[in-house]
Amino acid sequence: MKYISILGSTGSIGRQTLDVVREHPDELKVCAITGNNNIELLRQQISEFKPQLCCVMNEEKALMLKNMLTADVKTDIVSGMDGLIEAAEFEKSDIIVTAVSGMIGLKPTIAAIKKHKTIALANKETLVTGGSYIMNLARENNAEILPVDSEHSAIFQSLMANDKKAINKIVLTASGGPFRGRDTEFLKTVTIEDALKHPNWSMGKKITVDSATLMNKGLEVIEAKFLFDVEPERIEVVVHPQSIIHSGIEFADHSTIAQLGLPDMRVPIQFALFYPKRVQNSYKSLSLTEIGNLTFEKPDMEVFKCLRLAFDALDAGGTMPAVLNASNEVCVSLFLNKKISFLDIGNINEKIMLLHTPQKIDSLETILEAEEWTKKTIEKHLHSN
Ligand code: NDP
Ligand code: MG
């Protein structure tokens, strides 16, 4: 039996992780779950999975959830960052699925690493902001990091039984999002509803907007650089609208190994939970003849400048990727609250990066200070406009 904590069990990845648990009740057991606002769903998850611990980030909602539970429920309800860390460090858990969205995932992930836990990493913001600091910490603590993001899972799988020192390039595929092929003129008028219509994947709002700006692919470039220790020049982003080839690696001998599958996040989630075992499930089989065509294009980094900014942030190094990530989190939230336009996201990210002098990351504090600096600088920028 493998015991797991799911940070963000009410979100898209969290719910799909629970689906994987449903599929394998004799092999997987959930010990701890966490959410932020969705206490009705947490109540249902407690009743179905009977975890020992449940953290509700929002303290008021934690009290409300306690009042909703019947006396026979044995789950401990905790709240706030301390509660989230308790779920991440939960003694009985072998694997921690980090499925919260945003930089909030950083502290609990660090806590889990320090307790030598295996991390099933969905929260890409952790590696984007913490980079080599997180990777070194994981190495020092013998904590394995297994990617859940479909592209990184594909790269990880393509590396299995292959020579890690003989990578020519990583081929990172992207669906292109709902605005693939569009120009800047078109993007001036797009709405939140347009941005939330992803062609292939059903995901949380933040990452869906990031997929529309191609910031998601940018964050994934940064994530790939740190996870696989490959220079950015060796990461090629290829737009592949069908999302069947989830990414791959070209090796020194010009042989490319890639991983294919239908777009279903439960597959990479299951892979991380059972690694290195391959186990049966009831999911749909891939039929290449049904798919018919697989096509590929170059991404347009002028129109979708967020992708270019990710490469620029890696070039600048230090805290620059953390600043780009923090700026983007603020901008996406402003966009979702109708305070800025779709194109403003990339434009503000670019301005904030120009104002930042990158610092070397040697502690969690450096990353959190960069986040604080970014938030304040965006506020000043918005007031002066
Ligand atoms: P969702 O928005 O669907 O879910 C986010 C989860 O985090 C929810 O459980 C939410 O709680 C919780 N949460 C949100 N804000 C806070 C906070 N401040 N403190 C504590 N918990 C919080 O996101 P996704 O599942 O789509 O994405 C999660 C992560 O996985 C992201 O980092 C994303 O980039 C990554 N990812 C997602 C993929 C996908 O297919 N969805 C694919 C690859 C990576 P509540 O709902 O209760 O408010
Ligand atoms: Mg992805």
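No hydrogens, no waters, no symmetry mates; every other heavy atom, side chains included, goes into these values. Each ligand, and each atom within it, is numbered from 1 in the order the structure gives.
Within E151, the N, O or S atom lying nearest to the Mg ion (ligand 2) carries the name OE1. Closest approach between the Mg ion (ligand 2) and any N/O/S atom of E220 involves OE2. Taking the Mg ion (ligand 2) as reference, D149 places its N/O/S atom OD1 nearest.
Annotation for ligand 1: atoms under 4.0 Å from non-hydrogen atoms of I13 are 25 (O), 30 (O), 37 (C), 38 (C), 39 (C), 40 (O), 41 (N), 42 (C). Residue-ligand proximity, N37 to ligand 1, at heavy-atom distances under 4.0 Å covers atoms 45 (P), 47 (O), 48 (O). Of all atoms in ligand 1, listed by their number and element, those nearer than 4.0 Å to a heavy atom of K124 are 32 (O), 34 (O), 44 (C). Residue A122 approaches ligand 1 through these ligand atoms, each under 4.0 Å from one of its heavy atoms: 30 (O), 32 (O), 35 (C), 36 (N), 44 (C). Short contacts between ligand 1 and M57, defined as distances under 4.0 Å to a heavy atom of the residue, involve ligand atoms 19 (N), 20 (C).
Among the atoms of Q16, none of the N or O lies under 3.5 angstrom from an N or O of ligand 1. The shortest N or O to N or O distance between G102 and ligand 1 is not below 3.5 Å.
Nearest-residue assignment for atom 21 (N) of ligand 1 (options I207, N38, N36; heavy-atom criterion): N36.
E297 is listed as a side-chain neighbour of P241, based on a closest heavy-atom distance under 4.5 Å.
Residue E125 places a heavy atom under 4.0 Å from ligand 1.
For the 3.5 Å distance criterion, the side chains of S150 and S153 fail to qualify, holding no donor opposite an acceptor.
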